[in-house]
Amino acid sequence: VELVESGGGLVQAGGSLRRACAPSGDTFSNYVMGWIRQVPGKEREFVAAIRWRDGSLVYADSVKGRFTISRDNAKRTVYLQMNSLKPEDTAVYYCAARSGAIVTSRLFYKYWGQGTQVTVSS
């Protein structure tokens, strides 16, 4: 499975950005799609995930109420809408995928996108 990411960039605190991730292959509907971020020198941190088949969602506490994960079946794309961004949200954001149950541990995601830097200035 190849994950092609887009979006991200630089924004001021309080602003918004949207990330997109398009998986390849015909069986993407069987996958859980997740967003995971990493700050240099720290471990990758789970952000949000959605199960494509039924739309089940889960969020990290740190982003609840500010970030929204969604999917567009027609475009075969998963989105991460990031609102009310804070400087501590600055990180490289990765799209990831796995089959099976929706989980919050980065360790269980098998497929990874290339990652894109998101920088929030204060």
Subject >> Side chains of C95 and W35 in contact at under 4.5 Å (non-hydrogen atoms) >> reply: yes

Original post:
S62 versus E45: any side-chain heavy-atom pair under 4.5 Å?
Top reply: yes

Original post:
With sequence neighbours excluded, what pairs up with R44 under the salt bridge (charged side-chain N to carboxylate O under 4.0 Å, His left out) test?
Top reply: none

Subject >> Minimal non-hydrogen separation, P87 against A13, with atom names >> reply: CD-CB, 4.1 Å

Original post:
Below 4.5 Å, heavy atoms only, C-beta onward: do Y31 and V1 meet side chain to side chain?
Top reply: yes

Original post:
Is I102 reachable from L107 through a run of I, L, V, M, F, W or Y residues, each pair having side-chain heavy atoms under 4.5 Å apart?
Top reply: yes

**OP:** Show your reasoning for whether side chain to side chain contact (heavy atoms under 4.5 Å, CB included) applies to V11 and M82.
**Re:** CA-CA 11 Å; V11 67; M82 302 180 286; over 6 Å; no

Subject >> Test item: M33 and R98 side chains (from C-beta on) under 4.5 Å apart, heavy atoms >> reply: no

Original post:
How many angstroms lie between CZ in F46 and CD1 in I36, if you round to the nearest 0.5 Å?
Top reply: 7.0 Å

Original post:
Would a 4.5 Å heavy-atom cut-off, applied to side chains only, mark Q81 and S70 as touching?
Top reply: no

**OP:** Could you state whether V92 and Y109 fall into the same hydrophobic cluster, counting links through intermediate Ile, Leu, Val, Met, Phe, Trp or Tyr residues with side-chain heavy atoms under 4.5 angstrom apart?
**Re:** yes

Original post:
Can you tell if the side chain of Y94 reaches within under 4.5 Å of the side chain of T116, non-hydrogen atoms only?
Top reply: no

**OP:** Kindly indicate whether the side chain of W112, heavy atoms from C-beta on, has any atom under 4.5 Å from the side chain of R106.
**Re:** yes

Subject >> For the student: nearest non-hydrogen atoms of A49 and V103, plus distance >> reply: CB-O, 4.4 Å

Subject >> Heavy-atom check, side chain of I50 versus side chain of V78, under 4.5 Å >> reply: yes

**OP:** Look only at the side chain of T119 and the backbone of T90, and say whether a donor-acceptor pair between them is shorter than 3.5 Å.
**Re:** no

**OP:** Verify the distance criterion only: is there a donor paired with an acceptor across the side chains of R37 and Y93 at less than 3.5 Å?
**Re:** yes

**OP:** Please check if L80 and L57 belong to a single hydrophobic cluster, counting links between Ile, Leu, Val, Met, Phe, Trp and Tyr side chain heavy atoms closer than 4.5 Å.
**Re:** yes

Subject >> NZ/NE/NH1/NH2 to OD/OE distance under 4.0 Å, D54 and R51 >> reply: yes

Subject >> No-hydrogen, no-angle side-chain donor-acceptor test under 3.5 Å, T77 and R71 >> reply: no

Original post:
For the side-chain contact (heavy atoms from CB on, under 4.5 Å) test, which of V63, D89, V58, T104 pairs with V47?
Top reply: V63

Original post:
Would you call R19-E5 a salt bridge at under 4.0 Å N-O?
Top reply: yes

**OP:** Apply the test side chain to side chain contact (heavy atoms under 4.5 Å, CB included) to residues Q12 and V120: give CA-CA distance (whole Å), side-chain angles for both, the deciding distance (0.1 Å), then the verdict.
**Re:** CA-CA 5 Å; Q12 289 188 333; V120 184; over 6 Å; no

Subject >> Minimal non-hydrogen separation, W52 against D72, with atom names >> reply: CZ2-O, 4.1 Å

Subject >> N83 CG to T68 OG1 distance, which is reported to the nearest 0.5 Å >> reply: 6.5 Å

**OP:** In sequence, state the C-alpha distance, the side-chain angles, and the governing distance for L3 and C21, and then conclude on side chain to side chain contact (heavy atoms under 4.5 Å, CB included).
**Re:** CA-CA 6 Å; L3 304 177; C21 176; 3.9 Å; yes

**OP:** With rounding to the nearest 0.5 Å, note down the distance linking OG in S84 to NZ in K86.
**Re:** 8.0 Å

